[in-house]
2 protein chains.
Amino acid sequence: MNKTAKSSKTGAIRTRNTRNILVAAEHEFVLYGYKGTSMQAIADRAQLPKANILYYFKSKEKLYIAVIEGILELWKAVFGEIKEEDDPAEELERFIRVKIDMSFKHPRASKLFAMEIILGAPHIENYIKTDMRSWLMEKCHVITRWIELGKMEPIDPMQLIFMLWSSTQHYADFDTQVLILMDRKSYKPTDKEQISRALSEIILRGCGLVPSHLKK
Amino acid sequence: MNKTAKSSKTGAIRTRNTRNILVAAEHEFVLYGYKGTSMQAIADRAQLPKANILYYFKSKEKLYIAVIEGILELWKAVFGEIKEEDDPAEELERFIRVKIDMSFKHPRASKLFAMEIILGAPHIENYIKTDMRSWLMEKCHVITRWIELGKMEPIDPMQLIFMLWSSTQHYADFDTQVLILMDRKSYKPTDKEQISRALSEIILRGCGLVPSHLKK
DNA sequence: GTCTATAATCAGATAGAC
DNA sequence: GTCTATCTGATTATAGAC
């Protein structure tokens, strides 16, 4: 009984500390890159002694991988399914909205993922080969069916999906550049809506579809 | 006379070494990031003693900045002008082709630039605020004029340009991911044409324009 | 101009007290 | 479980011989 009470309490501290460390690590890794981040800096941000970080995560690399895995979980939880019975315009528009939303809500996750890929995806090659690949293939298949059913113009499904990814992630990964060019300190709440709309308009019309705000 | 001959010869070695170092540095920085790259690794790749690198460039950071500046020069040399008398379809298509060409020819330049921006653009903030910003404003102005003249659909010029940038750079910055997903080791010569065409088709149609390969 | 040897610093990891 | 003190190795940069 005593033991149970003790360990559950300890577990709570453990959970809280682990979470703090992961958040702090994500911040630092995005600010300075993997090598440029010191365990000391993560410890300072998490307000814990450096040795504790290495107590919870055995090494810097294991901590980094844990951060990346958290991001993959977040990714997976968000992307819904599409079916050939669905309306392409609605689904593409929804996808753009969700991804822009992610870019605004979790810019650091997007950036860390981007850096990982730019540096050759050493830690997530397997994820790309399996989960991401099968997700993409499914989507390509549905889009191909939509085209066969005459629901949209015949375009390369894979390039379309790459375009959806890149044009939405741009607002997270390159926010520094985008904000300087827009002469802003940070995004405004209304930006999300305006950008989603602009992207939807170009991409949907590009597929021979009509975005909802232009219907009727 | 002697002195001139000597210095010109020395200058030649200097030029060659400088070039070698810059190329080697670009490779290493893209592979391992700024902090993850050691001067030793650059020296090894350039086949020079480590101290020589620091003789030519006074510090690691100065070398990094030199690499970045080389990339900016490359960028500037490529992007042409557009005028309101020009045909939007032709110009957008040309721009996409040129940028995809850059992505295939200089993927490392694109990646290094991307990493720099993701990490907060500490070394190129000024470039973005001045050169890049004025370039963007000019282009936005011409596109606005095109819209006023009824040459294309009314879309947000800035988001259009961001989309052109992001969707083309994606093939350089994320080549690792793209190639794994396409189940390839490297891009084929025909990919460039196919991708340019797919992007042009979606984006031009998205602007209410007709891509050249669909005309008539 | 070129290169060897070395100084000075800082990182990740660990041992061991509490 | 938590934290202080320390070890080990690597890195940038420099001093000085050639």
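Quick note: numbers below take in every heavy atom, side chains included, and nothing from hydrogens, waters or symmetry partners. Convention: sequence-line order gives letters A, B, ...; per-chain numbering from 1.
- A/Tyr56 comes within 4.0 angstrom of the backbone, heavy atoms only, and of no base.
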Take A/Asp175 and A/Lys111, measure what salt bridge (charged side-chain N to carboxylate O under 4.0 Å, His left out) needs, and give me the verdict at the end. CA-CA 10 Å; A/Asp175 60 358; A/Lys111 285 181 182 185; 2.9 Å; yes

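- Taking only side-chain atoms of A/Met39, from C-beta outward, the nucleotide of C/dG12, C/dT2, D/dT2 with the closest atom is C/dG12.
- With rounding to whole Å, B/Tyr32 atom OH is found 16 Å from D/dA10 atom P.
- Using a cut-off of 4.0 Å between Lys/Arg side-chain N and Asp/Glu carboxylate O, A/Glu81 and A/Lys139 are scored as salt-bridged.
- Candidate nucleotides C/dA13, D/dT12, C/dG1 were compared by shortest atom distance to the side chain of B/Tyr55, and C/dG1 ranks first.
- Whole-Å rounding puts the A/Lys58 NZ to C/dT14 C1' distance at 13 Å.
- Here D/dT12 is the nucleotide among D/dT12, C/dG12, D/dT2 with the atom lying nearest to any side-chain atom of B/Ser38.
- Spacing between atom CG of A/Asp44 and atom P of D/dC3 amounts to 14 Å, rounded to whole angstrom units.
- Between B/Tyr171 and A/Phe162, the ring planes lie perpendicular to each other; the angle is over 60°, past the 30° to 60° tilted range.
- The distance between atom CD of B/Gln40 and atom P of D/dT12, rounded to the nearest whole Å, is 9 Å.
- Atom-to-atom, CD1 of A/Ile53 to P of C/dT14 comes out at 15 Å; the value is rounded to the nearest Å.
- Rounded to an integer number of Å, the gap from CD of A/Gln47 to C1' of D/dC3 is 16 Å.
- The distance between atom CZ of B/Phe57 and atom P of D/dA13, rounded to the nearest whole Å, is 14 Å.
- A cation-pi arrangement, defined by a distance under 6.0 Å to the six-membered ring centre and an angle within 45 degrees of its axis, is present between A/Lys60 and A/Tyr34.
- Between B/Phe113 and B/Trp75, the distance from one ring center to the other falls under 6.0 angstrom.
- Distance from the side chain of A/Lys50 is smallest for C/dA13 among the nucleotides C/dT4, C/dA13, D/dA13.
- Residue B/Asn52 has a polar side-chain atom (N or O) positioned under 4.0 Å from OP1 or OP2 of C/dC3.
- In the set C/dT2, D/dG1, D/dT2, the nucleotide with an atom closest to the side chain of A/Arg14 is D/dG1.
- With the nearest nucleotide of DNA chain D identified for both A/Lys35 and A/Pro49, A/Pro49 has the one nearer the 5' end.
- Across the protein-nucleic acid pair, B/Tyr34 atom OH and D/dT12 atom P stand 8 Å apart, rounded to whole Å.
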